[in-house]
2 protein chains.
Amino acid sequence: MDSTQQLTPEDDLAYNVFAKACPSRGTLEHVTGRWGGLTLGALYEGSLRFNELRRRVDGVSEKMLSQTLHALERDGLVHREAQPTNPPRVDYDLTPLGHQVAERLLALIHCVEGSMDDVLASRARYDETRGAL
Amino acid sequence: MDSTQQLTPEDDLAYNVFAKACPSRGTLEHVTGRWGGLTLGALYEGSLRFNELRRRVDGVSEKMLSQTLHALERDGLVHREAQPTNPPRVDYDLTPLGHQVAERLLALIHCVEGSMDDVLASRARYDETRGAL
DNA sequence: CAGCATCCAGCTTGATACTG
DNA sequence: CAGTATCAAGCTGGATGCTG
């Protein structure tokens with residue numbers, strides 16, 4: 001770590017994402033990864049079964065959803081409830097911790113969604129000025 | 001779009017990340033991507049030059065930082081201020097929109113950082129119960 | 001200093017097929 | 001239904017070398 005750089009209050013936390021080797025970086029990637037965020041977002045509204053999730057998160061493959069769910073379960077953000085019936089029924093829902101994280105995540109998502117008009121306008125401007133090259 | 005699925009209030013927004021083809025999905029990925037989030041986080045504290053950013057975001061390559069910065073600039077989240085001096089000096093900082101987004105993002109990051117003890121404990125439990133396989 | 005162009009290893013992802 | 005296993009393809013991202 002380069003101790004010459006300025007430290008802000010946030011940097012005093014034991015787990016600092018800005019550090020390459022920090023474990024929080026991994027968890028943050030599970031949360032913000034391609035499917036992690038959407039999965040948490042979907043579960044925020046309530047418990048869902050595997051294939052419900054799959055339909056809800058438009059575009060995930062079976063494999064990716066499975067993988068994502070495992071990572072989130074391991075991190076303690078998602079709870080998996082399997083009923084040994086036939087056919088099998090498995091429900092996924094957020095843990096209290098997962099709920100906290102999802103809340104922040106959704107705030108971010110909604111912020112981005114709500115800004116899309118500006119973003120799209122900015123893109124158009126950017127592409128116009130230097131789009132010719 | 002599958003209109004048979006339940007719609008929650010959030011789904012009424014014009015740009016819904018849960019939809020595969022939605023442009024907000026792309027922007028969200030710029031923001032939450034491997035380097036996007038850390039870049040926004042770093043700039044939240046103030047303007048930084050290219051190599052300052054590179055040092056601050058531990059692990060980015062030149063190429064990825066450059067790429068990330070372009071995407072964020074195009075989306076209107078980051079402002080690039082180049083001075084035609086020699087040697088060149090370029091400052092990056094957040095736009096008001098970028099600031100809003102970064103705020104939410106940092107809330108998420110800090111939430112995750114602050115939960116790492118729980119996460120790590122959960123991982124240990126998870127690995128212990130089924131780690132033997 | 002602030003980048004862009006190129007090359008290429010390897011990780012991620014999506015299809016497909018199969019199991020309990 | 002709820003997954004796992006396998007494989008090929010494509011994209012990601014790091015290293016290197018060069019420009020202004």
Using a 4.5 Å cut-off on heavy atoms from C-beta on, say whether the side chain of [Y] contacts that of [X].
X	Y	answer
A:E113	B:N16	yes
A:D91	A:Q83	yes
B:V78	B:Y92	yes
B:R104	A:R104	no

message: Tell me whether the NZ or CZ atom of A:R56 lies within the 45° cone about the ring axis of B:F18 and under 6.0 Å from its centre.
response: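 Flagged: A:R56 positioned over aromatic ring of B:F18.
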- request: Look at B:D127 together with B:R125 and state whether they make a salt bridge at an N to O cut-off of under 4.0 Å.
  value: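 Salt bridge between B:D127 and B:R125, a charged N being under 4.0 Å from a carboxylate O: no.
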Round to a whole Å and report the spacing from [atom1] of [X] to [atom2] of [N].
X	N	atom1	atom2	value
A:E52	D:dA2	CD	P	8 Å
B:W35	D:dT12	CH2	C1'	11 Å
B:R34	D:dC11	CZ	P	18 Å

- prompt: Is a side-chain donor-acceptor pair under 3.5 Å present for A:D93 with A:H79?
  reply: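 No.
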- request: For DNA chain C, find the residues of residues 59-82 of chain A with a heavy-atom distance under 4.0 Å and give them by number; none if there aren't any.
  value: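 Output list: A:S61, A:E62, A:K63, A:M64.
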Boundaries of the DNA chain C segment in contact with chain A, non-hydrogen, under 4.0 Å: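 First-to-last contact on DNA chain C, by the 4.0 Å heavy-atom rule, is C:dT13 to C:dG20.
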field: Listed partners of B:H99 passing ring pair (Phe, Tyr, Trp, His ring centres under 6.0 Å), at least two apart
entry: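 Result, ring pair (Phe, Tyr, Trp, His ring centres under 6.0 Å) vs B:H99: B:Y44.
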task: Report the residues that fulfil side chain to side chain donor-acceptor pair (under 3.5 Å) with B:D117, sequence neighbours left out, ordered by chain and then residue number.
output: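 B:D117 satisfies side chain to side chain donor-acceptor pair (under 3.5 Å) with A:Y15 only.
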task: Just report the end-to-end axis angle for the helix from C:dC1-D:dG20 to C:dG20-D:dC1, five pairs per end, to 10 degrees.
output: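 The value is 50°.
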task: Check every atom of D:dG20, D:dC1, D:dG3 against the side chain of A:P88 and return the nucleotide holding the closest atom.
output: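 Nearest to the side chain of A:P88 among the choices is D:dC1.
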Atom pairs and distances, donor-acceptor, side-chain atoms in residues 32-41 of chain B, under 3.5 Å, two or more places apart:
residue, atom, partner, partner atom, Å
B:T32, OG1, A:T32, O, 3.3
B:T32, OG1, B:L28, O, 2.8
B:T39, OG1, B:W35, O, 2.7

